[in-house]
Amino acid sequence: MIRTVVLGLAALLALWVGAGLALVALSGPFEPSGRDVDIGGRKLRLVCAGPQSDQPVIWMEAGAWGLAADFAAIQQRLAGKGIRSCAYDRAGMGFSDPGPQPRDSAAIAADLHKLIAASGEAGPFVFMAHSMAGQHIRLYAGQHPEQVAGLVLLEATTPEMAERPEAQKFLNRVQAVARATALAGSLGLTKIAYYKGDRIGLPPQGRAEKRHAFISGRHARTAADEVLVWPQGAAQAAATKLDPAWPVAVVTAGNAELMAGWNEVRRAPERNSRAGYYENESQAGHATLLGLTHSDAVLRGVDHVLAALAKPQ
């Protein structure tokens with residue numbers, strides 16, 4: 001009996017080590033793209049792609065558990081259209097230095113302001129936000145309206161979502177997942193969970209960076225820190241307003257009928273805009289909307305905002 005248990009544990013350990021080694025082999029180079037930008041004693045990784053032009057830079061904010069790599073496919077496609085974009089890793093995520101607690105929307109917006117100032121990139125910008133980043137960008141736009149040309153919101157949360165009756169149950173589930181993944185990441189268990197590939201559909205370098213971050217205990221713990229203060233961030237964002245003069249594109253994914261309640265509040269910024277645009281990509285999921293296969297709707301949203309900015313008001 002004891003021999004059987006020992007052999008079973010040895011086999012499990014071999015599987016875990018083998019998966020980890022295979023993951024390293026499959027992940028490609030761990031040298032991250034982009035550059036480190038000092039924001040005052042701490043550095044954040046910034047990845048910009050595409051040529052400088054007269055068009056606004058698309059500045060990207062990743063969702064929960066996300067980093068610059070989440071936008072690798074979209075950045076590649078925008079660069080192919082001659083559009084410049086910048087994405088970054090928030091403090092403690094991916095390849096960026098950690099930041100002070102709490103990691104709420106106020107802290108994230110404060111870091112973003114320092115990063116933009118130190119980046120050398122000229123605004124105003126079109127801000128693109130995915131998922132939970134919607135509330136970070138809502139707060140930032142309210143605090144720094146002079147830096148905002150328009151918004152592209154991808155499956156993005158809004159403060160109004162917290163008012164829906166199912167919101168607390170959803171938040172409880174997400175926070176439970178955050179606690180579990182923080183523990184799993186710290187124990188190295190996410191190596192097996194992420195063995196089969198990325199969940200977005202990224203080009204090779206982005207896929208390697210995403211895997212490297214996903215199996216990092218620090219990344220998982222910081223992601224949990226962000227999710228656990230989600231309600232505070234929602235309250236901070238709710239205290240700000242979006243300028244109706246800003247063109248806004250909202251893109252959602254999945255079954256529009258099933259998600260009608262959530263999408264109703266996700267569309268609030270678009271309905272408040274002088275030049276609102278909405279599209280639901282039924283073939284995409286929450287994550288695959290950012291990938292090479294299903295990001296056409298994202299590019300159409302960007303095109304709409306840039307075209308609206310080119311028209312005289």
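Given the structure is predicted, the values throughout are model-derived calculations rather than measurements.
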Exercise for review: Begin from the C-alpha positions of M132 and W65 and carry the test side chain to side chain contact (heavy atoms under 4.5 Å, CB included) through to its verdict.
Suggested key: CA-CA 9 Å; M132 192 175 73; W65 287 279; over 6 Å; no
Check your understanding: If you look at every heavy atom in L242 and A141, which pair is closest and at what distance?
Key -> CD2-CB, 4.1 Å
Revision key, fill the gap. Heavy-atom nearest pair, L151 first then V305, reads O-CG2, 3.6 Å
Review point. Does any non-hydrogen side-chain atom of P56 lie less than 4.5 Å from one of L309?
Key: yes
**Study point:** Y88 and W59 aromatic ring geometry - parallel, tilted or perpendicular at 30°/60° bounds
**Key:** tilted
Check your understanding: Which heavy atom of G134 sits nearest a heavy atom of A156, and at what distance?
Key -> CA-CB, 3.9 Å
**Study point:** From K210 atom NZ to I200 atom CD1, the distance as rounded to the nearest 0.5 Å
**Key:** 4.5 Å
**Study point:** Check: F95 main-chain N/O paired with D89 side-chain donor or acceptor under 3.5 Å
**Key:** yes
Point to revise | Path from L202 to I74 over hydrophobic side-chain contacts below 4.5 Å | key: yes
**Study point:** L78 side chain near M60 side chain, heavy-atom distance below 4.5 Å
**Key:** yes
Practice item. Quick one: do V126 and V57 satisfy side chain to side chain contact (heavy atoms under 4.5 Å, CB included)? Show the steps, please. Key: CA-CA 6 Å; V126 172; V57 175; over 6 Å; no
**Study point:** R300 side chain reached by V251 side chain, heavy atoms, under 4.5 Å
**Key:** no
Check your understanding: Does E270 offer a backbone N or O that forms a donor-acceptor pair with the side chain of S273 under 3.5 Å?
Key -> no
Exercise for review: Determine whether W246 and P145 make a side-chain contact, defined as any pair of heavy atoms from C-beta on separated by less than 4.5 Å.
Suggested key: yes
Practice item. Side-chain contact test, heavy atoms from C-beta onward, threshold under 4.5 Å: evaluate it for Q76 versus L292 and give yes or no. Key: yes
Check your understanding: Salt bridge between D36 and K43, side-chain N to carboxylate O under 4.0 Å?
Key -> no
Review point. Would you find a donor on one side and an acceptor on the other, under 3.5 Å apart, between the side chain of S131 and the backbone of G63?
Key: no
Exercise for review: Answer yes or no: is there a side-chain heavy-atom contact under 4.5 Å between V37 and L46?
Suggested key: yes
Check your understanding: Donor-acceptor pair, S53 side chain versus Q55 backbone, under 3.5 Å?
Key -> yes
**Study point:** Check: R45 side chain, S96 main-chain N or O, donor-acceptor pair, under 3.5 Å
**Key:** no
Study note, to complete from the structure: CD (Q143) and CG (L112) are apart, to the nearest 0.5 Å, by 9.5 Å
Exercise for review: Please examine the side chains of V148 and F127, heavy atoms only from C-beta on, and report whether any two atoms are closer than 4.5 Å.
Suggested key: yes
Check your understanding: With distance as the sole test, does S295 use its side chain to make a donor-acceptor pair with the main-chain N or O of L290 at under 3.5 Å?
Key -> no
Exercise for review: Measure the shortest side-chain to side-chain distance between R90 and D111 over non-hydrogen atoms and say whether it is less than 4.5 angstrom.
Suggested key: no
Exercise for review: Report yes or no: does Q135 contribute a side-chain atom to a donor-acceptor pair with the main-chain N or O of W230 at less than 3.5 Å?
Suggested key: yes
Practice item. Give a yes or no answer on whether the side chain of Q236 reaches the backbone of A106 with a donor-acceptor pair at less than 3.5 Å. Key: yes
Exercise for review: Check the angle between the aromatic planes of H113 and Y140 and answer parallel, tilted or perpendicular using the 30° and 60° thresholds.
Suggested key: tilted
Point to revise | Main-chain N/O of F214 paired with H219 side-chain donor or acceptor, under 3.5 Å | key: no
Point to revise | L289-V152 co-clustered via ILVMFWY side chain contacts under 4.5 Å | key: yes
Practice item. Taking all non-hydrogen atoms of both residues into account, name the closest pair between A64 and V227 and its distance. Key: CB-CG2, 4.0 Å
Practice item. May I ask whether V298 and V248 are part of the same hydrophobic cluster, defined by side-chain heavy atoms of I, L, V, M, F, W, Y residues being less than 4.5 angstrom apart, directly or through others? Key: no
Practice item. May I have the step-by-step check of side chain to side chain contact (heavy atoms under 4.5 Å, CB included) for E121 and I116, ending in yes or no? Key: CA-CA 7 Å; E121 299 292 330; I116 288 176; over 6 Å; no
Study note, to complete from the structure: One should read off an interatomic distance between L115 CG and I108 CD1, to the nearest 0.5 angstrom, of 13.0 Å
Practice item. Return the minimal non-hydrogen interatomic distance between T288 and H294, and the atom names on each side. Key: O-CB, 3.4 Å
Exercise for review: Decide if atom CD of Q101 counts as having more than 12 heavy atoms of other residues, nucleotides or ligands within a radius under 6.0 Å.
Suggested key: yes
Revision key, fill the gap. Separation between CD1 (I83) and CG (L299), nearest 0.5 Å, reads 7.0 Å
Check your understanding: Taking it one step at a time, do S33 and Q205 satisfy side chain to side chain donor-acceptor pair (under 3.5 Å)?
Key -> CA-CA 8 Å; S33 55; Q205 178 67 23; 4.6 Å; no
Check your understanding: Given the rule in the side chain to side chain donor-acceptor pair (under 3.5 Å) test, do S105 and H136 qualify, once you have shown the distances and angles that lead to the verdict?
Key -> CA-CA 5 Å; S105 293; H136 308 327; 2.8 Å; yes
Review point. What distance do C86 atom SG and Q75 atom CD have between them, rounded to the nearest 0.5 Å?
Key: 7.0 Å
Check your understanding: Is R138 salt-bridged to E61, going by a charged N under 4.0 Å from an acidic O?
Key -> no
Practice item. Could you grab the distance from atom CD1 of I39 to atom CG of L44, nearest 0.5 Å is fine? Key: 4.0 Å
Review point. Does R267 count as lying over the ring of Y278, i.e. NZ or CZ under 6.0 Å from the six-ring centre, within 45 degrees of the axis?
Key: yes
Practice item. Evaluate the ring-ring contact (aromatic ring centres under 6.0 Å, His included) criterion for residues H130 and H286: first the C-alpha distance (whole Å), next the side-chain angles of each, then the deciding distance (0.1 Å), finally the verdict. Key: CA-CA 9 Å; H130 178 240; H286 184 71; 4.7 Å; yes
Practice item. Examine distances only and state if a side-chain atom of Q52 and a backbone atom of R84 form a donor-acceptor pair shorter than 3.5 Å. Key: no
Review point. Side chain to side chain contact (heavy atoms under 4.5 Å, CB included) between R35 and S119: does it pass, once the steps are laid out?
Key: CA-CA 10 Å; R35 60 190 175 98; S119 70; 4.3 Å; yes
Practice item. Over all heavy atoms of both residues, which pair between A149 and P247 is shortest? Give the atoms and the distance, please. Key: O-CD, 3.3 Å
Exercise for review: Verify the distance criterion only: is there a donor paired with an acceptor across the side chains of E155 and T252 at less than 3.5 Å?
Suggested key: no
